[in-house]
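Source: prediction; values computed, not measured. Note on naming: letters A, B, ... go to the chains in the order of the sequence lines (proteins, then strands), and numbering restarts at 1 for each one. Reckoned from all heavy atoms, side chains included, excluding hydrogens, waters and symmetry mates.
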Protein chains: 2
Amino acid sequence: MPYPAKLTTDQILDAAQTLLETQGAEALTMRSLAQVLGVQASSLYRHHASRDVLLLALSDRAALELLDTLLDVSRGLSPRAALEGAAQAYLDYARSHPNLYALLLLKRGPLSSDQLARSAGKQLWNGFLRLVGALSGDPDDTDHAVAYWTLLHGFAELERSGAFGASGPRGGLDVGLTAILDHMEAAAG
Amino acid sequence: MPYPAKLTTDQILDAAQTLLETQGAEALTMRSLAQVLGVQASSLYRHHASRDVLLLALSDRAALELLDTLLDVSRGLSPRAALEGAAQAYLDYARSHPNLYALLLLKRGPLSSDQLARSAGKQLWNGFLRLVGALSGDPDDTDHAVAYWTLLHGFAELERSGAFGASGPRGGLDVGLTAILDHMEAAAG
DNA sequence: GTCTATAGACAGATAGAC
DNA sequence: GTCTATCTGTCTATAGAC
C-alpha cells in the first residue's frame with residue numbers, strides 16, 4: 001500500500017532545511033534525510049534528481065526567505081531607517097541560520113536570461129536595489145547596492161569565522177554602514 | 001633504500017597548494033596529493049597528522065602570503081593610497097587564488113592566548129590595523145579596520161559567486177571604499 | 001621514513017519488484 | 001511512489017614489514 005504518497009517535494013525540503021540548520025551541510029546526506037522522513041533514500045530521487053539539485057532548491061528558499069524578512073522589517077520606514085533595519089535583519093538572519101546562509105552563494109549552472117530574471121538570487125538583488133534606490137534617488141543604483149550588500153555579507157562572514165577575535169566588532173559595522181548611507185544621501189543631493 | 005627522505009613538510013604543502021588552486025578543495029585528498037609527490041598516501045601522515053591539520057597549515061600560509069602582498073604594495077605610499085592599493089591587491093589575490101582564499105576563514109579549534117597572538121590570522125588583522133591607523137590617526141582603530149576588511153571580503157565573495165550578475169560591479173567597490181576612506185579621514189580631522 | 005595491505009566507513013545513485 | 005538490494009566509487013587512517 002504505497003498509496004497515498006508519503007512525501008511531497010516541499011516536505012522533503014522542510015526536513016532538509018531542518019537537518020542542514022541543526023547538523024550542518026555534511027550531515028545532510030540522502031540517507032540521513034530519508035531516515036528523518038521515515039523513508040528509503042532511493043525514494044527521494046523521485047522528487048529531486050540529485051543532492052546538488054536539492055541544495056540549490058534550499059539556496060533559493062533561503063534567498064526568498066531572507067528577502068521577505070528584509071522587506072517586512074523595512075516596510076513603512078523612512079528610506080534610511082529601512083536600510084538600517086534591513087541591515088540588522090540581514091545579520092540576524094545570517095546568525096540564526098548560519099548553515100543555510102552559507103548556501104546562499106552557491107555556484108549555479110548557466111541559466112537562460114528568462115530563468116535568470118525569475119531566479120531567487122535576482123529577486124533578492126532587486127530587493128536591495130529598491131531599498132537603496134529609495135534613499136539615493138536612483139532606482140537602478142547598482143554601485144550603492146553593491147556597496148551595501150558587500151558590507152553586510154562581508155560582516156556576516158567575518159563574524160561567523162571568528163576572524164575579529166574577542167574584541168567586539170559591533171562598532172565596525174555601524175561605522176561602515178553610516179559611511180555608505182551618508183554617501184547615498186549625498187548622492188541624492 | 002628509503003633514505004634520504006623524499007618528502008619535507010614544506011614540499012608537501014607546496015604540492016598541496018598547487019593541487020588546491022588548480023583542482024579545488026575536494027580534489028585535494030591524501031591520495032591525490034601523494035600521487036603528485038610520487039609517494040604513498042600513508043607516508044604523508046609522518047609529516048601531517050591529518051588532512052584537517054594540513055588544510056589549516058595551508059590557511060595560515062595564505063594569510064601570511066596575503067599579508068605580505070598587502071604590505072608590499074602599500075610600502076612608501078601615502079596612507080590613503082596605501083589603503084587603495086592594498087584593496088586592489090587584496091581583490092587580485094582573492095581572484096587569482098580563489099580556492100586558497102576560501103580557506104582563509106576556516107574554523108579553528110580554541111587557541112591559547114599565546115598561540116593566538118602569533119597566529120597568522122592575528123598577524124593579518126594587525127596588518128589591517130596598521131594600514132588603517134595610518135590614515136585615521138588611531139593606531140588601534142578597530143571599527144574602521146573592521147569596516148575596511150568587511151568591505152573587501154564581502155566584495156571578493158560576492159564577485160566570486162556571480163551574485164552581481166553581468167552588470168560590472170566595479171563601481172560598487174569604489175563607492176564603498178571611498179565612503180569608508182572618507183570617513184577615516186574625517187575621523188582623523 | 002616509506003612501503004604494502006587493509007580496515008572501516010560512508011557516499012550518490014540505479015535496477016527492478018511491487 | 002516506495003521498496004529491497006546492490007553497484008561503484010570515494011575517502012581517512014592505521015598496522016606492521018623493511
For DNA chain C, what string of dots and brackets results from 5' to 3' when Watson-Crick and G-U pairs need both distances under 3.5 Å, crossing pairs get [ ], and pairs with another strand get |?
||||||||||||||||||
Say you draw a straight line from CG of Leu67(B) to CD of Glu65(B); how long is it, rounded to the nearest 0.5 Å?
11.0 Å
Could you tell me whether Gln35(B) atom CD has more than 12 heavy atoms of other residues or ligands within 6.0 Å of it?
no
Using atom CG of Leu33(B) as one end and atom C1' of dT2(C) as the other, report the distance to the nearest whole Å.
15 Å
Minimum heavy-atom distance Ala163(B)-Leu105(A), with the two atoms named:
CB-CD2, 4.1 Å
What is the distance from OH of Tyr45(A) to P of dT2(D), rounded to the nearest Å?
15 Å
Donor-acceptor pair under 3.5 Å: do we get one between Ser42(A)'s side chain and the base of dT4(D)?
yes
Just by distance, with hydrogens left out, do Ser59(B) and Arg108(B) show a side-chain donor and acceptor under 3.5 Å apart?
yes
Interatomic distance where CG belongs to Leu28(B) and P belongs to dC11(D) [whole Å]
11 Å
What do you reckon, is CZ of Arg51(A) surrounded by more than 12 foreign heavy atoms closer than 6.0 Å?
yes
The nucleotide from dT4(C), dT4(D), dT2(C) with an atom nearest the side chain of Gln40(A) is dT4(D)
Whole-Å distance between dC3(D) C1' and Leu37(A) CG?
15 Å
Distance-minimising heavy-atom pair for Leu173(B) and Val146(A):
N-CG1, 4.4 Å
Can you tell me which residue among Asp60(A), Leu64(A), Leu70(A) is in a side chain to side chain contact (heavy atoms under 4.5 Å, CB included) with Leu124(A)?
Leu70(A)
Is the shortest distance from a Lys or Arg side-chain nitrogen in Lys107(A) or Asp52(A) to a carboxylate oxygen in the other one below 4.0 Å?
no
Nearest-angstrom distance from the residue atom NE2 of His48(A) to P of dG12(C):
14 Å
If a pair satisfies ring-ring contact (aromatic ring centres under 6.0 Å, His included) and one of its residues is in residues 92-122 of chain B, list it, with sequence neighbours excluded.
Tyr90(B)-Tyr101(B), Tyr93(B)-His97(B), Tyr101(B)-His153(B)
Check nucleotides 6-11 of chain C against the protein and report each pair of N or O atoms closer than 3.5 Å, with its distance, or say if there are none.
from: dA11(C); atom 1: N7; to: Arg31(A); atom 2: NH2; distance (Å): 3.3

Separation of dC18(D) atom P from Arg46(B) atom CZ, nearest Å, is 16 Å
Grab the CD1-C1' distance between Ile12(B) and dG1(C) for me, whole Å please.
11 Å
Are Ser43(B) and dC3(C) close enough that a side-chain N or O sits under 4.0 Å from OP1 or OP2?
yes
Tell me the interatomic distance from His47(B), atom NE2, to dA13(D), atom C1', rounded to whole angstroms.
16 Å
